[in-house]
Amino acid sequence: MEEDSIKKKTDQASREGRKKEEDGLLKKRKPEKSLETVATEAKSNNAPSKKVKENNGKESRVPNRNASEADGEGVALKWWEKEDDENDDVKWNYLEHKGVIFPPFYEYRKFLVKYNGNPIELTADQEEMAYYWGQSVGTDWETKEHYRANFQKEFTKTFDKKLGYTNLESFDFSDIVNYINDQREKKKAKTKEEKAEEKAKKKVKDDYYGFAIVDNDKEKVGGYAIEPPTLFKGRGKHPKAGFMKARILPEDITINIAENAPIPKCDMPGHAWGDIVHNNEVTWLAFYKDDTINTTYKYIFLAASSKFKGLSDRRKYDKARRLKDHIEDIRRDYRKKMNSKDKFEKQLGTATYLIDVLALRVGNEKSEDEADTVGCCSLRKEHVEALADNQISLDFLGKDSMRYFNTVTVDPQVWLNIKSFLEGKEPEQDLFDKINTNDLNSYLKDMMPGLTAKVFRTYNASTTLERELSKKDVSGLEIEDKMAWYNEANRQVAILCNHQKTVSKAFDVSVEKQKAKIEDMRDYLAELKSHLGKVRKGKEGLDEGKAEEAAERKFRQAGYDEKMKPIKRKFPNDVERTQRYIGDVEKKIKSKEKELQERDENKSIALGTSKLNYNDPRITVRWCKQNEVPIEKVFPKTVRSKFPWAMYSDLDWRF
DNA sequence: CTAGGAACTTAGTAGTAGTAAA
DNA sequence: TTTACTACTACTAAGTTCCTAG
């Protein structure tokens, strides 16, 4: 079941590819079922090996193969081994799945809730809301002003005005909060057996809901669970954070299946799907619209490992690669525009420059009901400053309200343009007042078919990764150093794209501990050296117990608890071994320091986003092959399962 | 030509599972 | 074996893009 080495896969793939060409078998081969396939299907009851009658009398189809398996077992023909005809208005000819699963209803427990110290009665709906508030107590959400205010508004308006229950602070939800905390404790205290049992239950659900049949393939479904109602937790200062997110019922759901596929069973008694459609020009399996928090569309799609996702992902990267052939032209062109007398052109050129050079997002308009975040086209004067020496400073909240804060030297013409665009404007006025995202994308389309602003992020990310990786020949290095180098290149991409994560609360504490431990190792090193001197002179060496006691005392004085133990002391009574120990400890200190430094550099940078969405995986695969780094060292399981199509790229592949 | 509907990609966080260190 | 920390995954929010209707 373990994945083969990449090399083996490549050989196999190219062999098969060649064979097919020779045989003229590029056309769809009738897939034969291998023994393995049959065995797998028999083992997992997810594959409908018997024809099952569903409620509309249609029969479930038996998939020929499991398309989500990338390990080569029992798969007759994989989509990435076929030519991409690019023409896929029709996404499927057959689609069958089990629909979605709903969260349990709220259980009305009649908790004791007080207002100004007096017990009050809550209806089931009120209690449910209060319960969701209780879930926020003790988290950061509890103290967020807008979240509090919105919840207060929405919750208090459910009461009769005459009661005067208007103030969130005056409510006492401790009964609810205690219950929630109890439940959390219980969850933590679960035994191995209980956990295993839960896991088994989850697997049964996964086996049932987690797969769809698309044409002849069995495909993995993405998230099929309907989001439970709760208080909306929008990022940043979202105007609607703290409001109730509605409970979704089957009537809200539209199911998309083939006409001749069985209608999935609705798991909520007394309810029925809102609609059944047979739209084979889209890839979604189910969808609903939620109007409680603005208007949001939610979809059930296939998982990232599916053909639908993989094919469009590969197209995305290939489009970004195509940009390579146009980039010089485009850069020349937008620079020309930057110099134009026409203000529209001037802004178009300047904005394109920022998107290309700083990897900014295009920045569509947003409504009043969303968090105030911006991208390139929606930058306002207050976000931009023209400094001396052709430098500009950008400071704004981007997607997910992540701060983009950067001071860069730009092209002199860009600097002049920005300065002029800023002139005479109020802080809240748009930097680019003559253009919008539509103009920008139309311009890009003219320069290259299919080109849009986001392609630049993919292009620049992948280009950066490839360039950074090639800056050093790592072939002779230890595997850890190779990985460190890969991560360093990955880091450069993450910085370019401004992919951040919040530093965990425990981070500083754990860094302090690490430092103290390194300090302790240094002490030990000094002790070893002094011990060496003594042994050389034939004198009695240091005492291990005493040294450890002293180190222990030092830790306690610094306030560390009992669990924090100093490094084990060993003072051998011969020169040779002592010297070896010295070498060992020195090495250990160095590696720990390096580790610490890396942790610090990475503490607020998220590498995963670029790995999953921006870096053409074939760059990584090639680099790994070239440097004999097993792919699983840099691509965790989920990443590998997303990119089966990339595993075959060989040594001369270039982005 | 604009607003907003529809479909799809990209994003960070919380919590859990896995693993290394002690 | 326990603890401490890291790595992953699940979840769901927040973008982009394309399109259509008014």
Side-chain angles (χ1 to χ4, degrees), chain A residues 91 135 139-141 184 187-188 190 195 198-199 202 206 222-228 230 232-236 238 240-241 245 254 256 279 281-284 287 289-290 293-299 301-304 308-309 312-313 316 361-367 370-371 373-378 397-402 436-442 444-445 450-455 457-458 461 494 497-502 504 506-507 509-511 513-514 517 561-568 592 595 599 602 604-610 612-614 635-639 641:
Chain A
K91 312 280 185 192
Q135 292 175 330
T139 72
D140 286 349
W141 291 101
R184 284 189 185 136
K187 204 175 173 193
K188 254 191 229 159
K190 261 181 211 150
K195 277 185 186 169
E198 252 172 41
K199 216 175 161 182
K202 191 176 175 291
D206 259 346
Y224 52 79
I226 295 300
E227 295 169 18
T230 183
F232 177 66
K233 291 171 184 70
R235 314 272 167 95
H238 193 117
K240 302 235 170 160
K245 208 171 80 165
T254 300
N256 191 25
N279 182 355
E281 296 193 343
V282 295
T283 65
W284 53 266
F287 123 104
K289 207 161 114 174
D290 181 0
I293 303 295
N294 303 332
T295 295
T296 43
Y297 294 81
K298 301 279 187 176
Y299 295 85
F301 289 116
L302 291 182
F308 285 164
K309 296 290 186 189
S312 77
D313 216 29
K316 172 186 79 182
R361 295 185 188 84
V362 69
N364 287 301
E365 288 301 322
K366 296 187 73 181
S367 84
E370 300 172 274
T373 64
V374 299
C376 184
C377 293
S378 46
L397 297 183
K399 182 175 177 181
D400 290 288
S401 293
M402 300 308 286
N436 61 34
T437 57
N438 215 347
D439 300 323
L440 202 140
N441 277 333
S442 308
L444 294 177
K445 282 239 153 50
L451 184 61
T452 63
K454 81 195 268 280
V455 181
R457 270 168 83 80
T458 314
C497 294
N498 198 42
H499 292 142
Q500 295 185 258
K501 63 178 183 199
T502 47
S504 73
F507 185 83
V509 183
S510 103
V511 164
K513 271 189 177 173
Q514 284 260 7
K517 280 186 175 175
D561 61 20
E562 295 292 320
K563 285 173 200 157
M564 181 104 155
K565 293 271 186 250
I567 187 168
K568 191 109 191 96
K592 283 281 168 195
E595 195 182 292
R599 270 184 73 197
N602 280 324
S604 61
I605 298 170
L607 301 185
T609 307
S610 50
L612 223 48
N613 300 300
Y614 288 103
F635 275 3
K637 204 174 113 197
T638 33
V639 180
S641 74

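By convention in this document, chain letters (A, B, ...) are assigned in the order of the sequence lines, proteins followed by strands, and residues within each chain are numbered from 1. Because the structure is a prediction, the values reported are computed rather than measured.
- As rounded to whole Å, 10 Å separates atom P of B:dG15 from atom CD of A:Q135.
- Residue A:D290 contributes atom CG, which lies 14 Å from atom P of B:dA6 at whole-angstrom precision.
- With A:S442 contributing its side chain and A:N438 its backbone, the two residues share a donor-acceptor pair below 3.5 Å.
- Residue A:E281 contributes atom CD, which lies 11 Å from atom P of B:dA7 at whole-angstrom precision.
- We find that CH2 of A:W284 is positioned 9 Å from P of B:dC8, with the value rounded to whole Å.
- Heavy-atom nearest nucleotides on DNA chain C were determined for A:E365 and for A:Q514, and the one closer to the 5' end corresponds to A:Q514.
- Taking the nucleotide of DNA chain C with the nearest heavy atom to each of A:G223 and A:G450, the more 5' of the two is matched to A:G223.
- For B:dC8, the OP1/OP2 oxygens have a side-chain nitrogen or oxygen of A:T283 closer than 4.0 Å.
- Within 4.0 Å (heavy atoms only), A:K240 reaches no atom of the nucleic acid at all.
- Taking for each of A:Y614 and A:D140 the nucleotide of DNA chain B with the nearest heavy atom, the 5'-most of the two is the partner of A:Y614.
- Atom P of nucleotide B:dC8 and atom NZ of A:K454 are separated by 13 Å, given to the nearest angstrom.
- Residue contacts shown for A:A371 are absent, as no nucleic acid heavy atom lies under 4.0 Å away.
- Contacts between chain A and DNA chain C, taken as any atom within less than 4.0 angstrom of a protein heavy atom, begin and end at C:dT3 to C:dC18.
- Sequence order on DNA chain B of the closest nucleotides to A:K501 and A:N613 puts A:N613 first from the 5' end.
- Distance, A:D313 CG to B:dA7 P: 20 Å, rounded to whole Å.
- Rounded to an integer number of Å, the gap from CG of A:N256 to C1' of B:dA7 is 12 Å.
- Within the nucleic acid shown, A:G363 comes within 4.0 Å of sugar-phosphate atoms alone, with no base atom in reach, counting heavy atoms only.
- Between the CG atom of A:N438 and the C1' atom of B:dA3 there is a distance of 12 Å, given to the nearest Å.
- Heavy atoms of A:T296 sit nowhere under 4.0 angstrom from any nucleic acid atom.
- Residues A:Y297 and A:D290 have side chains that never bring a donor and an acceptor to within less than 3.5 angstrom of each other.
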key: A:F232/A:H238 under side chain to side chain contact (heavy atoms under 4.5 Å, CB included): CA gap, chis, key distance, verdict   = CA-CA 9 Å; A:F232 177 66; A:H238 193 117; 3.7 Å; yes
remark   = With sugar-phosphate taken as primed atoms, P, OP1 and OP2 and all else as base, the protein-contact string of nucleotides 16-22 of chain B at under 4.0 Å (heavy atoms; B, S, -) is S-----S
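- At the phosphate of B:dA11, OP1 or OP2 sits under 4.0 Å from a side-chain N or O atom of A:R457.
- Salt bridge annotation for A:E227-A:K298: present, with a cationic side-chain nitrogen under 4.0 angstrom from a carboxylate oxygen.
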